[in-house]
Number of protein chains: 2
Amino acid sequence: MGLMDTQSPWLDDDQQDVWQALLTVVIALPAALDRQLQRDAGISNFEYGVLARLSMTDEATMRLSDLARECDSTQPRLSKVMDRFEARDWVVRRPDPTDGRYTLATLTDAGREKVVASAPEHVAQVKRLVFDPLSAAQRRHLGAALTRVAATVRRELEEGRG
Amino acid sequence: MGLMDTQSPWLDDDQQDVWQALLTVVIALPAALDRQLQRDAGISNFEYGVLARLSMTDEATMRLSDLARECDSTQPRLSKVMDRFEARDWVVRRPDPTDGRYTLATLTDAGREKVVASAPEHVAQVKRLVFDPLSAAQRRHLGAALTRVAATVRRELEEGRG
DNA sequence: TCATTCAAGTTGCCGGGGCAAGTAAGATGG
DNA sequence: CCATCTTACTTGCCCCGGCAACTTGAATGA
């Protein structure tokens, strides 16, 4: 339980196993996704996530700061992704008319076509790597546990510690 | 179940939630670990993993190719890490006397001290981010599911597709 | 024995991301 | 109304990692 966890300076054997599996997933899964997307669509997994997130919003438009937060990105990283996307005419940036400090990013038609074209193979890869190996119950349990961890990690990064 | 998963070109709602949580963990967790280690020990999470893996073996010695596989690393990546480690006198490289094609990496005393010094804060961070938010049952379920996913992803990368 | 093949490791080049500093727009307080 | 502060975003510099090409050492086969 929670108390022992932070007291001992080491991981017990069960924790070691979980941790090793998590490390492998955290290192190797992005690599596998990047390779498939790079080969088939010429974009990274992170870039796909940005396009997909934009495409799901009303008017395909978001403030950059909101987009960065929802994609778990820093602002400089997103800024440079946007440079590339604008060069390919996948998005346009313009100042938010209601508050000049913000910048609105909008997906173009070409940008939406890119997501739609890239999605099927990417989704198939995700299913093959993540969901196919799991039973329905395992999938639910994985979701429940990851949701808690994700919330903790997200809070960590937003609070600026690390 | 398995069949539907690969047939439909989309994720259903439950899968979406799991996938979003996994994406956050996969993107943000390494960032959080890197920041802590970089700040407190001047090394990355990946570098810590390499040192730790070496320190656990007999004689603190491994072939580079084995080390790369167990750290889910490519060979060029590990090769460059070793350049940095040798520059700091944390490891030494020498050809394997039994087969000149292999290279043996051995942790020096200074290298072992580095792991030992870095471990406590790193382990505490891992516990805080990953284990503290979970019940014992959730931890077991997470481990079971991740082990399956990790095996699948690992096979994927080793087979060279992606 | 020597040519071919194969695997381990290194190197060079290029692109991407982090951080810190700089810019710009709005809020705040006298 | 102006100085200061805060927040959103961009830019420059540097390091890291991927890929492809190269080098080297051992195995294979005639």
Side-chain angles (χ1 to χ4, degrees), chain A residues 26-28 30-39 42-50 61-88 91-105 157-158 160-162, chain B residues 26-28 30-39 42-50 62-88 91-106 157-158 160-162:
Chain A
V26 150
I27 292 179
L33 297 174
D34 276 334
R35 284 188 24 184
Q36 179 270 318
L37 274 169
Q38 203 67 52
R39 171 167 50 79
I43 58 178
S44 69
N45 177 44
F46 177 75
E47 290 172 323
Y48 177 88
V50 173
T61 297
M62 284 183 77
R63 289 178 172 176
L64 289 189
S65 41
D66 293 337
L67 186 55
R69 186 163 24 76
E70 298 198 13
C71 292
D72 301 294
S73 169
T74 61
Q75 282 199 342
R77 182 179 189 181
L78 183 62
S79 184
K80 288 162 186 177
V81 168
M82 285 318 200
D83 291 343
R84 288 172 246 155
F85 284 178
E86 275 197 331
R88 301 201 196 186
V91 301
V92 290
R93 277 182 285 198
R94 66 177 192 283
D96 185 334
T98 73
D99 186 335
R101 287 172 298 184
Y102 294 94
T103 300
L104 297 179
L157 284 185
E158 282 171 3
R161 1 176 199 144
Chain B
V26 150
I27 292 179
L33 296 175
D34 276 334
R35 283 188 23 185
Q36 180 271 317
L37 274 169
Q38 203 66 53
R39 171 168 48 80
I43 58 178
S44 69
N45 178 46
F46 177 75
E47 289 172 324
Y48 177 88
V50 173
M62 284 183 78
R63 291 177 170 177
L64 289 188
S65 41
D66 293 338
L67 186 55
R69 188 164 20 76
E70 298 198 14
C71 292
D72 301 295
S73 169
T74 61
Q75 281 198 342
R77 182 180 190 180
L78 182 61
S79 184
K80 288 163 186 177
V81 168
M82 285 317 203
D83 291 344
R84 288 171 245 154
F85 284 179
E86 275 196 332
R88 301 203 196 184
V91 300
V92 289
R93 277 182 287 197
R94 65 178 193 283
D96 185 334
T98 74
D99 186 335
R101 288 173 296 186
Y102 295 93
T103 300
L104 297 179
T106 302
L157 283 186
E158 282 171 1
R161 0 175 200 145

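Throughout, a chain's letter reflects where its sequence line sits, starting with A, and its residues are numbered from 1. Computation of the quantities below employed the complete heavy-atom set of this structure, encompassing side-chain atoms and omitting hydrogens, waters and symmetry-equivalent molecules.
The nearest heavy atom of DNA chain C to A/Ser73 and to A/Asp99 marks one nucleotide each, and the one closer to the 5' end goes with A/Ser73.
Here the CZ atom belonging to A/Arg93 is positioned 4.5 Å from the CG atom belonging to A/Asp83, to the nearest 0.5 angstrom. Distance check, rounded to the nearest 0.5 Å: CG of B/Leu33 to CZ of B/Phe46 gives 14.0 Å.
For A/Arg84, a side-chain nitrogen or oxygen approaches OP1 or OP2 of C/dG17 to under 4.0 Å. Neither OP1 nor OP2 of D/dC16 sits under 4.0 Å from any side-chain N or O of B/Ser44. The phosphate of D/dA8 (OP1 or OP2) has no side-chain N or O of A/Gln75 nearer than 4.0 angstrom.
In this structure, the CD1 atom of B/Ile27 is 10 Å from the P atom of C/dG18, given to the nearest Å. Regarding B/Arg94, its CZ atom lies at a distance of 19 Å from the C1' atom of C/dT10, rounded to whole Å. If you take CG of A/Asp34 and P of D/dC16, they are 19 Å apart, rounded to a whole angstrom. In this structure, CD of B/Glu86 is placed 13 Å from P of C/dG9, rounded to the nearest angstrom. One can place CG of B/Asp96 at 10 Å from P of D/dA26, the figure rounded to the nearest angstrom. Residue B/Arg93 contributes atom CZ, which lies 12 Å from atom C1' of C/dT11 at whole-angstrom precision. The interatomic distance linking B/Leu64 (CG) with D/dT24 (P) rounds to 18 Å, in whole Å. Atom-to-atom, OH of B/Tyr102 to C1' of D/dA26 comes out at 10 Å; the value is rounded to the nearest Å.
For D/dG12, the base has a donor-acceptor partner in the side chain of A/Lys80 [N/O atoms by modelled type, under 3.5 angstrom].
Comparing D/dA26, D/dC9, D/dA20 by their nearest atom to the side chain of B/Arg101 picks out D/dA26. Listed nucleotides: C/dG18, D/dT11, C/dT10. Nearest to the side chain of A/Pro76: D/dT11. The side chain of A/Arg77 approaches C/dG17 more closely than any other nucleotide in the set C/dA25, D/dG18, C/dG17. Distance from the side chain of B/Thr103 is smallest for C/dG9 among the nucleotides C/dG9, D/dC9, C/dG17. When the nucleotides C/dG17, C/dC19, D/dT11 are ranked by their closest atom to the side chain of A/Ser79, D/dT11 comes out on top. Considering only the side chain of B/Asp83, C/dT11 comes nearest among C/dG18, C/dT11, D/dC9.
Among the protein residues, B/Arg69 comes within range of no part of the nucleic acid, since none of its heavy atoms lies under 4.0 Å from any strand.
In terms of heavy atoms, B/Leu64 sits closest to B/Met82 at CD2-CE, 3.7 Å.
For the side-chain contact (heavy atoms from CB on, under 4.5 Å) criterion with A/Arg84, the lone passing option out of A/Glu86, A/Arg88, A/Lys80 is A/Lys80.
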Assess whether side chain to side chain contact (heavy atoms under 4.5 Å, CB included) is satisfied between B/Ile43 and B/Gln38, documenting all intermediate values.
CA-CA 5 Å; B/Ile43 58 178; B/Gln38 203 66 53; 5.9 Å; no
